[in-house]
Undergrad: 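Before I ask anything, here is the structure I am working with.
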Amino acid sequence: MSENLAGHVKFDNVGLRYGTDPEVLSNLSFTLYPGSFYFLTGASGAGKTSLLKMLYLAQAPSRGAIRMFGQDLVTMPHSRLPELRRRLGVVFQDFRLVPYLTAFDNVALPLRLAGTEEKKVQRAVGDMLEWVGLSHRAHAVPPSLSGGEQQRVAIARAVIARPKMLIADEPTGNVDPDMAWKLLRLFEALNNRVGTTVVVATHDVHLLKKVPDSLIMRLHKGQLSDPTGALRYPPNPGGSSVGGSGAE
Amino acid sequence: MSTLPPLPAETDDTPLERPRGRAAARLLPPQRLTGPIPWVIAILIALVVIAAAGGLALRNLSLAASAGLSSAVSVQVIEPNPDLRADRTAAAVKVLTGLPGVTAVQAVPEAELAAMLEPWLGEAATSGDVPIPALIDVELAAGAGPDEVARIAAAVKQQVPGARVDAQGDFLRPVNDALAALQWLALGLVALVALATAAAVWLAARNAFAGARDTVEIMHLLGASQRQITAVFLRDVLREAIVGAVLGAGLGVGAVWLLGQQFAALGSGMVSGGGLMLADWLAIGAVPLAGVLLAGLTARITIALALKDML
Ligand SMILES: Nc1ncnc2c1ncn2[C@@H]1O[C@H](COP(=O)(O)OP(=O)(O)O)[C@@H](O)[C@H]1O
Ligand SMILES: [Mg+2]
């Protein structure tokens, strides 16, 4: 597999409807460029979470084709999906922490699932919790954590296994601006130093300005537009002038 | 940037599917046993064990009874005159000995008969004042049926007046019929309670899944394989089922053993024929095992169906 092919995520005329409702997403066609930093913006209810669900393999499209890491998701057997999922890091909008595992064990879960040596797990999780400012809460269970703390645990869990692609759904919705900035730096570091493709959904315009080289995909009424040339492939680097164009 | 964020650990990109049980045990701590499910399973398993043991004991009892009796005939020679009685008895023995299908003929000694009857007749039994019929035990070849008995009766009666031939099975037939009915009852009970147990086990697995559904979904989204998820979930279900099964088997076997002691204390030859053989105990042991297997199977099916729904 060539690097490009391996890194590709390609949506081709994808549509999504829930049940018999009208489509919430229509005619989505785009290719994510490996190693790029994308923001997905749009008003609440625009369909950001729905799009990300297809991206993190929790939701099949109603129509159209999706390729990921060189594989056709529609035709591939379900038994091979876990392997793809393990290459993704996901910050769910509702966190989805295991309620009876400590913060530490929640963050460690992806590493343990991958069979990482326990000594490495201890060190990596310890470092990560320190960065997100939760060392002192390592042994607390999620129900006893604040919303912002849970969000930081969710982020730590999403990045801990060096995913090929990081997908974050409103990852800074519950933290103050300073922490939001710090968390974004974590995403950037992963993007710059490990080459992780990052997709962050947000309706917060201020966030967009904090990552200079980011590309912006905008969802409006189920359709995508690209004020920065994000949907071109390869994306137009000169076009990534981030302004107030991204949000409602 | 003054302090760089920590770079996450490189994962060993070894394919998963490590030892399932232990790997799973490391992923998530076992859930505490809560709720009535293990108790319900325990009670039902105990009932199955008791009903099965009862049915098996009844079967052994009726087998033992019919094995000893069906192939035997007793001949009575009724004659008040002792000398005549002795002559006729000897004649009957002679006739019987020559008949086909007869394997052994033995006149029961008078003293023995008298001793057997003493509890009923008192001293009259031994005094000779009360005439006692002579008794001849006749053993038939295995497989002898009512036809043989009738043939023998005809032959003896023709040559020995005052002879009466009884198939020993005859007077036991109602008892045997009752035993058979009881066996059917036990079988029906076992079937019903086994069905209820299966339902309880099924519910237990579904219930455990309802409680674990969120966790299962999270693991699924984090890329856990079906095997890993099944291993975690299976462990919790099996723990409930095993606790229930062991408890139930203990209760059931305890009750059966106590009953066995009670019957053994009766010392009756007939009841002792109803003891449980090794094979019976093995069959009873299979009951809790089947319960646990069913729980495991249900859990697997439940998880597979749920994961299929999740994409
Ligand atoms: N599971 C679902 N079933 C039915 N409708 C849904 C479901 N999830 C989202 N929707 C609908 O799809 C639309 C887009 O929702 P969502 O993707 O959550 O948007 P956003 O994340 O941008 O706020 C909304 O109208 C929402 O009501
Ligand atoms: Mg959303």
Side-chain angles (χ1 to χ4, degrees), chain A residues 53 56-60 73 78-79 81-90 92 95-101 105-106 108-118 120-121 123-132 156-163 182-183 185-190 193-194, chain B residues 1-34 208 210-233 235-236 303-311:
Chain A
K53 273 188 185 165
Y56 60 70
L57 308 176
Q59 173 75 55
L73 294 187
H78 279 195
S79 59
L81 289 174
E83 186 196 318
L84 289 190
R85 289 195 183 97
R86 288 196 294 273
R87 299 195 220 167
L88 308 175
V90 186
F92 304 96
F95 315 141
R96 302 213 180 203
L97 303 174
V98 180
Y100 54 85
L101 287 186
D105 288 333
N106 264 288
L109 205 47
L111 293 177
R112 290 178 176 157
L113 275 174
T116 305
E117 213 182 302
E118 191 57 27
K120 274 194 197 173
V121 171
R123 183 153 22 87
V125 174
D127 288 353
M128 192 55 67
L129 283 175
E130 193 169 343
W131 176 260
V132 298
R157 186 182 65 184
V159 302
I160 193 72
R162 285 200 191 200
K182 197 173 176 187
L183 294 174
R185 278 181 60 200
L186 185 61
F187 294 172
E188 275 191 281
L190 209 60
R193 288 155 62 193
V194 185
Chain B
M1 290 191 196
S2 50
T3 51
L4 284 171
L7 276 184
E10 299 243 36
T11 54
D12 309 339
D13 214 11
T14 43
L16 292 191
E17 326 308 8
R18 325 210 125 211
R20 278 174 281 168
R22 281 199 45 212
R26 266 195 347 189
L27 289 175
L28 295 177
Q31 293 298 284
R32 253 180 311 155
L33 289 173
T34 52
R213 194 187 167 87
D214 285 349
T215 306
V216 165
E217 203 170 309
I218 293 166
M219 290 184 66
H220 176 68
L221 286 170
L222 293 182
S225 65
Q226 178 162 344
R227 263 178 140 179
Q228 289 176 314
I229 295 173
T230 306
V232 171
F233 180 57
R235 176 197 53 191
D236 289 349
I303 204 92
L305 288 178
L307 288 179
K308 214 167 166 185
D309 278 352
M310 284 181 197
L311 180 77

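A, B, ... follow the sequence lines: proteins, then strands. Residue 1 opens every chain.
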Undergrad: Would a 4.5 Å heavy-atom cut-off, applied to side chains only, mark A:His78 and B:Gln226 as touching?
TA: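 A:His78 does not reach B:Gln226 side chain to side chain.
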
Undergrad: Can you tell me if A:Arg96 uses its side chain to pair, donor with acceptor, with the backbone of B:Ile218 under 3.5 Å?
TA: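 No: the side chain of A:Arg96 does not pair with the backbone of B:Ile218.
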
Undergrad: Let's test your reading of the structure: which of B:Glu217, B:Lys308, B:Met219, B:Met310 forms the most heavy-atom pairs below 4.5 Å with chain A?
TA: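 Of B:Glu217, B:Lys308, B:Met219, B:Met310, B:Glu217 has the most heavy-atom pairs under 4.5 Å with chain A.
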
Undergrad: Relative to chain B, which segment of A:Leu97 carries a heavy atom at a distance below 4.5 Å: side chain, backbone, both, or neither?
TA: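 Interface part for A:Leu97: backbone (N, CA, C, O).
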
Undergrad: Where on A:Arg157 is there a heavy atom nearer than 4.5 Å to chain B: the side chain, the backbone, both, or neither?
TA: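 Interface part for A:Arg157: side chain.
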
Undergrad: Do you know which of B:Leu222, B:Asp214, B:Thr215 makes side-chain contact (heavy atoms from CB on, under 4.5 Å) with A:Val98?
TA: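 That would be B:Thr215.
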
Undergrad: Return the set of residues passing salt bridge (Lys or Arg N to Asp or Glu O under 4.0 Å) with A:Glu130 (not counting sequence neighbours), or none when no residue passes.
TA: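 Salt bridge (Lys or Arg N to Asp or Glu O under 4.0 Å) check on A:Glu130 returns nothing, list empty.
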
